[in-house]
Participant: 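Sending over a structure as structure tokens; questions will come in a sec.
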Number of protein chains: 2
Amino acid sequence: MPARGTYRHGDLRRALLEAGIELARFGGPEAVTLREATRRVGVVPNAAYRHFASQQDLLHAVRSAALAELAGSMETELAMIGADLSPSVFAMASLRAVGAGYMRFARAEPGLFRTAFGTGPQADRTLPAESADRSRLGPFQLLSLALDRMAAENVLAAKRRPGAEYLAWSAVHGLAMLVIDGPLRGMDEQQIDALIPRLLEMVEKGI
Amino acid sequence: MPARGTYRHGDLRRALLEAGIELARFGGPEAVTLREATRRVGVVPNAAYRHFASQQDLLHAVRSAALAELAGSMETELAMIGADLSPSVFAMASLRAVGAGYMRFARAEPGLFRTAFGTGPQADRTLPAESADRSRLGPFQLLSLALDRMAAENVLAAKRRPGAEYLAWSAVHGLAMLVIDGPLRGMDEQQIDALIPRLLEMVEKGI
DNA sequence: TTGGTTTGTGAACGCTGTCCACATATTGGT
DNA sequence: ACCAATATGTGGACAGCGTTCACAAACCAA
């Protein structure tokens with residue numbers, strides 16, 4: 001006898017994924033548990049196995065969603081610096097925009113950010129180059145694009161050498177990690193706000 | 001009847017801690033489980049509760065040990081650049097030394113590194129300034145010290161502004177995280193080796 | 001010796017992921 | 001329209017995890 005749901009849920013996979021995202025949002029990767037996700041959807045734990053091979057599989061799906069949201073935050077920030085700028089000014093501002101978007105997301109959604117770059121020995125890592133579908137750009141591609149623009153407009157202190165995007169990424173990512181999940185957690189918010197432009201400045205000048 | 005150990009172990013706390021470190025070394029923070037640690041020591045799980053308030057407490061102790069090992073790696077690297085250098089040359093080299101030590105530890109002991117900066121909502125974070133005993137310097141203090149030396153010898157591109165150590169730390173930490181636990185995992189080793197000096201160069205020039 | 005404190009044991013509880021057998025909807029062929 | 005095959009959710013079970021409680025054994029002090 002069908003007790004819990006309508007027995008035929010309709011789109012259980014999506015429902016479970018959304019429940020997982022919600023869990024990650026508030027509790028980070030370690031909060032996305034298969035049992036709790038199914039509980040929220042109102043279905044028995046095993047039902048999840050028809051749509052996700054394992055809990056890790058669910059977590060990977062949530063991770064992808066988190067990465068997409070991070071990219072969205074960067075694009076939002078990029079859109080805010082308007083297209084009425086001259087190419088060179090736009091190029092100059094784009095690195096700061098994507099960097100700021102990165103940091104904004106990390107601080108606004110620490111749970112999702114930690115999920116996106118979640119720790120763990122079993123976490124499946126895909127190199128940014130070969131990641132996902134080409135349609136949507138990932139965080140790394142957006143950062144790389146900003147550097148490309150700066151190089152094209154010659155507003156970069158140094159010549160754009162291959163791999164420079166990794167250096168920029170390291171700086172931004174490192175600050176984000178230290179702030180939301182590391183020893184800098186609890187640091188004064190204003191101090192962090194002051195640090196962000198200085199960090200991006202360091203990247204521009206030193207890359 | 002005393003079945004497992006000698007019933008009176010001697011120094012169970014230390015034994016459990018060392019077992020925990022061993023677990024963290026190979027499996028990262030999520031591998032340090034109370035039950036496995038006690039199992040290795042040959043004692044019943046509950047015995048741990050006489051020496052650690054909880055599993056988190058054990059993990060915190062392991063984290064401290066990991067941080068100490070990281071600092072040790074940085075000091076080793078610092079010692080390798082000899083004291084026969086002129087103060088200004090030594091200052092110049094010290095940032096790269098501590099940075100390299102940081103990266104070396106991260107790559108050589110990813111499990112311990114991930115434990116040192118372990119993720120999780122319940123991770124107790126202490127600001128570097130107020131951390132630990134004064135006798136041994138932590139990773140952050142060593143990095144900060146290197147920048148101080150460079151500023152004193154005027155070998156820094158810019159004036160040493162307060163908080164610059166956070167920027168340097170962010171860069172190094174970010175690369176380490178991306179390499180051992182993030183999307184850059186699996187990157188070509190030589191490529192990483194080439195990236196490290198460039199990253200430290202970026203810090204020197206851009207800070 | 002005796003009584004108290006420390007330290008390890010044993011059994012239990014609820015939580016987790018996962019596997020198995022089963023029941024129920026949906027779907028496609030005839 | 002019927003009937004078999006498939007897809008999907010249920011129920012029950014198992015092992016492993018952290019944690020708690022009551023109890024036993026060892027040490028220590030008076």
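Small disclaimer: the values here were computed from a predicted structure and weren't measured. Chain letters run A, B, ... following the sequence lines, proteins first and then strands; every chain starts at 1.
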Participant: Calculate the interatomic distance between B/L34 atom CG and D/dC17 atom C1'; express it in whole Å.
Facilitator: 10 Å

Participant: What are the two closest non-hydrogen atoms of A/L95 and A/L143, and how far apart are they?
Facilitator: CD1-CD1, 3.8 Å

Participant: How close do B/A97 and B/E77 get, counting heavy atoms only, and between which atoms?
Facilitator: O-CG, 3.2 Å

Participant: Select from B/S54 and A/D11 the residue whose nearest nucleotide in DNA chain D is closer to the 5' end of that strand.
Facilitator: A/D11

Participant: Between atom CD in A/Q55 and atom P in C/dC19, what is the gap in whole Å?
Facilitator: 13 Å

Participant: Pick the closest DNA chain C nucleotide for B/A47 and for A/A53 by heavy atoms, then say which residue is nearer the 5' end.
Facilitator: B/A47

Participant: Distance criterion of 3.5 Å, no angle test: do you see the side chain of B/R35 paired donor-to-acceptor with the base of D/dG16?
Facilitator: no

Participant: Take atom NE2 of A/H9 and atom C1' of D/dA7, then tell me their distance rounded to the nearest Å.
Facilitator: 16 Å

Participant: Please tell me which of A/R50 and A/V32 maps to the more 5' nucleotide of DNA chain C, matching each residue to the nucleotide holding its nearest heavy atom.
Facilitator: A/V32

Participant: Using whole Å, report how far CG of B/L59 lies from P of D/dT19.
Facilitator: 11 Å

Participant: Would you say A/T33 places a side-chain N or O within less than 4.0 Å of OP1 or OP2 belonging to C/dG17?
Facilitator: yes

Participant: Hey, what's the ring geometry for A/Y102 with A/H173, parallel, tilted or perpendicular (30° and 60° as the breaks)?
Facilitator: perpendicular

Participant: Sub-3.5 Å donor-acceptor pair from the side chain of A/R25 to the main-chain atoms of A/G111, do we have one?
Facilitator: no

Participant: May I have the distance from B/H51 (atom NE2) to C/dG8 (atom C1'), rounded to whole angstrom?
Facilitator: 8 Å

Participant: Looking for any heavy atom pair under 4.0 Å, which part of the strands does A/R39 touch: base, sugar-phosphate only, or nothing?
Facilitator: sugar-phosphate

Participant: Over how many whole Å does the gap from B/F52 atom CZ to D/dT19 atom P extend?
Facilitator: 13 Å

Participant: Enter the distance from B/L199:CG to A/Y166:OH here, rounded to the nearest 0.5 Å.
Facilitator: 14.0 Å

Participant: What integer distance in Å separates A/Y49:OH from C/dC20:P?
Facilitator: 12 Å

Participant: Whole angstrom is fine here: how far is it from CG in A/L16 over to C1' in D/dT8?
Facilitator: 12 Å

